[in-house]
Amino acid sequence: MAQLNIGVLVSGSGSNLQAIMDACDSGALPADIVFVGSDNPDAYGLERGRKAGIPVFVTDYVGIRKTFSQDPDSVHVPSDFDLDDVLAKQRLFPADHPRRKLEDYFTLRAAMEKDLLDRISVYSFDLLVLAGFMRIFSPYFIDRITTDRTRPRIINIHPALLPAFPGTDGYRDTFENGCKVGGCTVHFVDYGEDSGPIIGQKAFDIIPGDTLDTVKTKGLALEWQLYPECIRLVAENRLVLDSSGRKTVVTVLPESRP
Ligand code: GRF
């Protein structure tokens, strides 16, 4: 089986990155991590990458946003940015959202995403792995990574059993809603928020006495198992997308026997 080259993006502690690095080292995951990038210069995940001798970089989302808020015209909008195309595809805002706000949002996003694209384009990678990367991608970015709809190239882990509780705080939403089961989901990234085709999920019981902290601890422990397992399925070419129904769904092909 060929090795998969993966790039990983983090915003925080990078415990999922660590689980992926460990799986690569142990041979459980036939992959090489070719870069670790972050929008947060203080992300501990960058330190994990450095310690492992992996190239790391920071993309300047914060600086670009600041420049945009001071003088929108001074922000470098990529020459291949097509606002109408992005607005036609995006599924982050309702269709009746004010056009002016959509223009500002997606123009700024494209400027930020171009910076990220420039940094990752120096590496050769098969799969972009979001491991606690707290930014949403617009169609501008997604289309430049996923050029064949049948083979998406961006994958994310989410701290809830999607499609329940998309957004930034899945374990809190799960706990505060009194759910009796929590979990995590690995999915391909599409034009919506945490709405892409589901690759794998793991669940845990929430029992009397559990707190938000214990729920997070149980969930993260499962994430560290689930993410390498799902990336392995990509490496083994075992995921098939079916877009014939209301939603695109993923079928996992059985393991091929030697
Ligand atoms: C995880 O809970 C992941 O599901 C979510 O962000 C958290 C990242 O944790 N997207 P870490 O940085 O991998 O420790």
Side-chain angles (χ1 to χ4, degrees), residues 6 8-23 28-29 33 36-49 51-52 56 58-59 61-62 65 91-94 105 109 128-137 154-233 247 250:
I6 60 178
V8 182
L9 295 178
V10 298
S11 294
S13 111
S15 68
N16 277 287
L17 164 67
Q18 188 66 55
I20 295 164
M21 291 193 308
D22 293 348
L29 177 58
I33 302 176
V36 174
S38 182
D39 60 325
N40 170 15
D42 300 323
Y44 185 62
L46 289 171
E47 188 54 26
R48 294 183 196 267
K51 279 187 189 155
V56 304
V58 177
T59 179
Y61 269 66
V62 175
R65 179 189 293 282
R91 287 203 276 110
L92 299 172
F93 299 94
Y105 178 89
R109 268 306 99 179
L128 185 61
V129 173
L130 310 183
F133 186 65
M134 304 305 281
R135 303 283 179 173
I136 292 178
F137 287 133
I154 313 175
I155 189 173
N156 183 43
I157 189 154
H158 182 76
L161 290 171
L162 291 171
F165 309 130
T168 53
D169 218 345
Y171 291 134
R172 180 182 294 278
D173 293 341
T174 301
F175 180 67
E176 290 182 349
N177 277 277
C179 296
K180 308 302 179 244
V181 175
C184 49
T185 304
V186 171
H187 63 95
F188 287 119
V189 170
D190 70 0
Y191 299 142
E193 183 178 18
D194 302 320
S195 58
I198 292 171
I199 300 166
Q201 296 181 302
K202 284 191 189 288
F204 57 88
D205 288 333
I206 300 176
I207 55 175
D210 267 331
T211 62
L212 177 56
D213 278 348
T214 63
V215 163
K216 282 184 177 169
T217 302
K218 288 182 188 183
L220 265 176
L222 291 184
E223 290 186 33
W224 301 333
Q225 297 171 23
L226 179 67
Y227 219 174
E229 285 174 17
C230 289
I231 297 169
R232 187 181 169 93
L233 294 175
K247 297 275 295 180
V250 175

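In this pair, Y171 and F204 present their aromatic rings tilted. The plane angle is within the 30 to 60° band.
Residues I20 and I6 have side chains in contact (heavy-atom distance under 4.5 Å, counting atoms from C-beta outward). Counting heavy atoms from C-beta on, the side chains of L226 and E223 never come closer than 4.5 Å. Under the 4.5 Å side-chain criterion, counting only non-hydrogen atoms from C-beta, V250 is not in contact with L233. Looking at heavy atoms from C-beta onward, I154 lies out of side-chain contact with D190 at the 4.5 angstrom threshold. Side-chain contact check for S15 versus R48: some heavy-atom pair is nearer than 4.5 Å. Under the 4.5 Å side-chain criterion, counting only non-hydrogen atoms from C-beta, Y227 is in contact with I155. Within the 4.5 Å cutoff, the side chain of L92 has heavy atoms near those of the Y105 side chain.
The side-chain hydrogen bond (donor to acceptor under 3.5 Å, both in side chains) analysis of residues 213-222, with sequence neighbours excluded, yields the pairs D210-T214, D210-K218.
With rounding to the nearest 0.5 Å, the separation of CD in E193 from CZ in F93 is 9.5 Å. In this structure, the separation between CZ on F165 and CD on E176 is 10.0 Å, given to the nearest 0.5 Å. Note: N177 CG to R172 CZ = 12.0 Å, rounded to the nearest 0.5 Å.
Taking each heavy atom of L161 and A203 in turn, the nearest pair found is CD1-CB, 4.2 Å.
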Is there a side chain to side chain contact (heavy atoms under 4.5 Å, CB included) between N16 and L220 once you walk through the steps? CA-CA 8 Å; N16 277 287; L220 265 176; 4.1 Å; yes
Does the side chain to side chain contact (heavy atoms under 4.5 Å, CB included) test come out yes or no for L9 and F137, once each step is laid out? CA-CA 12 Å; L9 295 178; F137 287 133; 3.9 Å; yes
Trace of the side chain to side chain contact (heavy atoms under 4.5 Å, CB included) decision for L128 with V189: CA-CA 10 Å; L128 185 61; V189 170; over 6 Å; no
With a cut-off of 3.5 Å and sequence neighbours excluded, list every side-chain donor-acceptor pair involving residues 178-186.
residue, atom, partner, partner atom, Å
K180, NZ, G178, O, 2.7
T185, OG1, A160, O, 2.7
T185, OG1, L162, N, 3.1
T185, OG1, Q201, NE2, 3.0

Please tabulate, for side-chain N and O atoms in residues 36-46, each donor-acceptor pair with protein atoms closer than 3.5 Å (sequence neighbours left out).
residue, atom, partner, partner atom, Å
S38, OG, V10, O, 2.7
S38, OG, N40, N, 2.9
S38, OG, N40, O, 3.1
D39, OD1, S11, OG, 2.7
D39, OD2, R135, NE, 2.7
D39, OD2, R135, NH2, 3.4
N40, OD1, D42, N, 2.9
N40, ND2, S11, O, 2.9
Y44, OH, K51, NZ, 3.0

